[in-house]
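These values consider heavy atoms only, across backbone and side chains, with no hydrogens, waters or symmetry-generated copies. Computed from a predicted model, the values in this text were never measured in an experiment. Quick note: residue numbers are just sequence positions, from 1.
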Amino acid sequence: MDIDGILGNGDSKLGKSSIPRRRQWVKRRETWLVILGVILHAVYMLSIFDIYFKTPIVHGMDLVSPRFSPPAKRLVLLVADGLRADKFFEPDLEGNFRAPFLRNVIKNQGRWGVSHARPPTESRPGHVAIIAGFYEDPSAVTKGWKANPVEFDSVFNRSRHTISYGSPDIVPIFCGALPHSTWATYPHEFEDFATDASFLDEWSFDQFQSLLNRSNEDPKLKRLLEQDNLVVFLHLLGCDSNGHAHRPFSSIYLNNVKVVDHIAERVYNLLENYYKDNRTSYIFTADHGMSDKGSHGDGHPSNTDTPLVVWGAGVKHPRPVTAKDHSDHVLRFIDQHLHDTPTPKEWDLDGIERVDVNQADIAPLMSTLLGLPCPVNSVGNLPLGYVDMKEEEEVEAVLANTKQILNQFLRKSQIKQSHSLFFKPFKPLASYSSMLNQIEELLSARDYKAAMQLSENLRSLALKGLHYFQTYDLLMLMAMITLGYISWMVFLVLHVLQAYTLLPGDIFRKEEAVRQKSNTGKAQLCGCLFMAVVSVLLFLERSPPLYHAYFAMTIFLWTQILNEYKFIKALWRYLRGRESDYVIKLLALVVVSVIILELLVHSFTERKLYTWCFLIVGAIASIYLYKSIPWRSGIPVFVCLTCWFLSLFTLMPAEIPDNNKLVNASGVMVIVIGLTGKWLDLKAGVNRFWFGICNHEKRQPRFPMLFQLQALLVGLSSVMVFLSTSHRTVKQELHTIHQLMNWFIAGFSMILPLFSENGLLSRLNSIFLGFAPPFLLLSIGYEAVFYGALGLVLIAWILFENSLLYVRKVNKSSASGKNLGEHAFLENDTRYLQLSDMRIPLTFMVLFNVAFFGTGNFASIASFEISSVYRFITVFSPFLMAGLLIFKLFIPFLLVICAFSAITKLLEVPRIGCYFLVILCSDVMTVHFFFLVKNTGSWMEIGNSISHFGIMSAQVVFVLLLFALTNIYTKDIEIRSGSRDSRKVM
């Protein structure tokens, strides 16, 4: 019989003595292949930070001292962490505004606008942009939140003294190593999400007020406070904590807006009465906003739009809006919002001039008000709409801002030129010195308008030059990483063909000795020589160590492919000798696979594709089964209905609304599914169709009450969902007894599947029931129903594969003399892979990605719903909370991989071979996402593109880890098959 192998027939002539030696070779090769894959993907995942997000910080620039007298002696910076612009400016339901003092400032004393933040909209990057004037790259964020991962300059560094009070996660970043600073933070234990966190803001104000009161009795402190260039920074965390815990529409969050407004009023009155010199400037803003579901991180306007109010010394007074203030230009802010965006009517500020800024523009604004040099790493543009200065002084301020940015450009150009063998300068700034001379001449001639325009043009060119050197190595690195991914995928294909398919082995055995002695040695020598040349060039250019790793891995993999030259050549001859219909079948498989994987790529941004996918697949699979199964069965209808049921979830909103009744009902649904599976396992064994998946052993089970115990724990978890949530809502705290019971139920239930029967259906049913309690306890809405729907689809997948297997066995048994294909087996009761087996990794990829997106957009930074963990912990603990959230997301993956492992046993295909095909499919998507990573356009798209690439790159690691973890549950599953018995007889 002609077995439909990926390549080759069933005429394998490998001798019995050569099989153990071949399998040892395969095992050794796969061990280092897995290790290489993990290292390769980890290193290549970091490549996007070298290509797109290299740290913008350079050192060695000179300070640019301003040539004008400072308008202010001191500056107060108030940052309301997590305060949305719309919640700050809009009125409440009664028509009263929540920030009456600051609205009065906007109308009578100062200027206002919206500060546009850049993702990741987190606390540390936001404060770095405000205080240091540059947008921290994501690679620096990953190095730690509690301390500086890189050294950078800030307004605080330039000040004579800085006074700061607030969160222990923010204040030490800027003041921890600053000798000329006075600061204090409250303990981490104060950040309790179960309480109203506005008291944290009051704590910061009380500390500052106490300092001023002490100065009346402390002459040294008094002298310190009377110095010029003094900065006061109060970090107000209340809005952020209350937004996470209670959502930004809650009365607690909205009341916190009133709290920070009252603090701003008291700080203003306190300082004006203390100094009485009108030489204090005030800036009120936020580091980021807050999404409707109580999270932040992405580029949604609710996260990027923050309020900005500036008043005091050196600040312009309000000005009414005129027609000429609204131009038709299409300039955009850092978050891609257009300039001159209309002010919402409900803010009641559309008659007062609004001056929007990029968040990094606040740093040069503070420096200008105090007459300090701009932070040397700042990329902010001084917003002239806020400063009240003479025309000459305005030009000098912009020129100082321009020179500071130009110094960064010159330093980066110098560093790159000293390291490059073939340097390409940024041509538009080749004559920057003459432009500076021209500006000075225009200043001497008092042509301030022309000098201003030329300064702004030079500043714009300097920013473009910074971007040029930031992406200097982009094309070279992208080409090398792409070649590396291609070589990895080619090598995976070659390995699967050699280890898990029926190829005409004698063709390759004849040339094996020659291939090992000559071709391998030549390829290794050429690879080593080429790598040596590349390494020398990279060393001379002082390239980072990762550059060496990128080139080394790519060259190494292509060298390994060249080692298989004889194999590839024989493979090509073999394909040319096959019939055209086989080649067409092979090409059709490739085309269909690529189409499915491309649909999965697009599903990362369009979840509704999964809805269409399951609607179509459900219909096609049921029709195929209906025509294939020779008897009447409800399986086709079941497959169709379960696929259609799962298709509903990708139509639901990514923001999961709270619905505890739905979570409780899901517990009942899980128990009903478990009961059905138990009944099927016990009663369906009389039909030979269920022979492979049901438990047919008549002996007494080891733990006869195990199923009842698991069902009881599922029901108990539903009860605890109700009790824990009700008590926390009323008492604003998590009861200790409830907390301990939740931890016990979640942990104990996951151990029980290990003691279940080892039949396929009974073990999978036990796993499904075992992971239901922790998932229900971590659920807040419809995702609990998704758990049951996913379990039903996995059952449908198993029934579909079992139906195909049974029909194939029936057809083979009825065809006399045609069962020789049963000989095409590896050892350990696994057969060679066939072309049709490609459906297994493809189906796995679809279900694995549905587990990502079935209950939201996991690829977005802000998709984590922190209230999911409140039944286990409420006191702020970022690592434990993140661990619980990740564990919740991994539970659906565990179910998918358990079903995948069971199906490989049912169909007798090698699981590790299917794993490599899964990684192959994953890497096709990874390469696509690699090219979709953006450093221009919408920053929301940029943040998501990084997440997409990271998720796919990490699959090689956590799929392997989940395989190892689920193997604990699935390794002893036993499949009874008539084909195995027949092989033993033969």
- prompt: If only atom types and distance count, is the side chain of S603 paired as donor or acceptor with the main-chain N or O of L600 below 3.5 Å?
  reply: yes
- request: Answer with yes or no whether the side chains of Q955 and H41 bring together a donor and an acceptor at under 3.5 Å.
  value: no
- request: Nearest 0.5 Å please: distance from the OG1 atom of T966 over to the CG atom of L961.
  value: 10.5 Å
Side-chain heavy-atom pair L894, L965 within 4.5 angstrom cut-off: yes
- request: Heavy atoms only: give me the nearest T554-M480 pair and the separation to one decimal.
  value: OG1-O, 3.3 Å
Backbone of S836 reached by a side-chain donor or acceptor of R839 within 3.5 Å: yes
message: Tell me every residue that passes side chain to side chain contact (heavy atoms under 4.5 Å, CB included) with M45, counting only those two or more places apart in sequence or in another chain.
response: F949, S953, A954
query: Can you name the nearest heavy-atom pair linking V909 to C914, along with the distance?
result: CG2-SG, 3.9 Å
- line: Of all heavy-atom pairs linking N758 and D972, the shortest is CB-O, 3.0 Å
- prompt: Distance from L609 atom CG to R607 atom CZ, nearest 0.5 Å?
  reply: 11.5 Å
task: Can you spot which of V933, T605, T926 makes a side-chain contact (heavy atoms from CB on, under 4.5 Å) with H948?
output: T605
task: Measure the spacing between OG1 of T843 and CE of M838 and express it to the nearest 0.5 Å.
output: 10.0 Å
- prompt: Are Y550 and M476 side-chain neighbours, meaning at least one heavy-atom pair lies under 4.5 Å?
  reply: no
- request: Please report the shortest heavy-atom distance between L842 and S593, naming the atom on each side.
  value: CD1-OG, 3.5 Å
message: Are V496 and L920 packed together at the side-chain level, in the sense that at least one heavy-atom pair is separated by less than 4.5 angstrom?
response: no
- prompt: Given V924, which of L597, I596, I919 fulfils the side-chain contact (heavy atoms from CB on, under 4.5 Å) condition?
  reply: L597
message: With rounding to the nearest 0.5 angstrom, report the CZ to CG distance, R576 to L571.
response: 12.5 Å
Tabulate below the donor-acceptor pairs under 3.5 Å that side-chain atoms of residues 484-492 make, not counting sequence neighbours, or state none.
unit_1, atom_1, unit_2, atom_2, d
S487, OG, L483, O, 3.2
S487, OG, G484, O, 2.7
W488, NE1, D923, OD2, 2.6

query: Distance only, no hydrogens: is a donor on one side chain within 3.5 Å (strictly under) of an acceptor on the other, for Y915 and S901?
result: no
- request: Considering non-hydrogen atoms only, spot the tightest contact between V846 and Y610 and give its length.
  value: O-CE2, 4.2 Å
task: Verify the neighbour count for atom CZ of F530: are there more than 12 heavy atoms of other residues, nucleotides or ligands below 6.0 Å?
output: no
message: Once rounded to the nearest 0.5 Å, what's the spacing between atom CG of L40 and atom CD1 of I35?
response: 13.5 Å
message: Between L760 and K905, is the side chain to side chain contact (heavy atoms under 4.5 Å, CB included) condition met? List the steps.
response: CA-CA 9 Å; L760 186 147; K905 289 196 173 189; 5.7 Å; no
field: M553 and I39: CA distance, side-chain angles, deciding distance, side chain to side chain contact (heavy atoms under 4.5 Å, CB included) verdict
entry: CA-CA 9 Å; M553 288 186 175; I39 296 173; 3.0 Å; yes
query: Between the side chain of K585 and the main-chain N/O of L835, is any donor-acceptor distance below 3.5 Å?
result: no
- request: For L917 and D837, run side chain to side chain contact (heavy atoms under 4.5 Å, CB included): C-alpha distance rounded to whole Å, both residues' side-chain angles, the deciding distance at 0.1 Å, then the answer.
  value: CA-CA 10 Å; L917 291 178; D837 291 328; over 6 Å; no
query: Looking at side-chain heavy atoms only, is the closest gap between I903 and F844 below 4.5 Å?
result: no
- request: Please examine the side chains of F556 and M531, heavy atoms only from C-beta on, and report whether any two atoms are closer than 4.5 Å.
  value: no
- request: Compare every heavy atom of F930 with every heavy atom of S47, then report the nearest pair and how far apart it is.
  value: OG-CE1, 3.8 Å
- prompt: Do F916 and L33 touch side chain to side chain, with heavy atoms closer than 4.5 Å?
  reply: yes
message: Donor-acceptor pair, distance only, cut-off 3.5 Å: does the side chain of K416 make one with the backbone of Q470?
response: no
query: Is the shortest heavy-atom distance from the side chain of I561 to the side chain of I568 under 4.5 Å?
result: yes
field: Heavy-atom neighbours of W572 CH2 exceed 12 at 6.0 Å
entry: no
message: A side-chain contact here means heavy atoms from C-beta on lying under 4.5 Å apart; do Q560 and Q524 qualify?
response: yes
message: Consider ring pair (Phe, Tyr, Trp, His ring centres under 6.0 Å). Of F963, F900, F848, which one does F893 pass it with?
response: F848
query: Does the R763 side chain pair with the main chain of Y969, one donor and one acceptor, at a distance under 3.5 Å?
result: yes
field: Pair F604 and F929, ring centroids less than 6.0 Å apart
entry: yes
- request: Measure the CG-NE2 distance between D473 and H419 for me, rounded to the nearest 0.5 Å.
  value: 11.5 Å
- request: Assess whether side chain to side chain contact (heavy atoms under 4.5 Å, CB included) is satisfied between Y468 and K424, documenting all intermediate values.
  value: CA-CA 10 Å; Y468 172 79; K424 296 179 181 179; 3.5 Å; yes
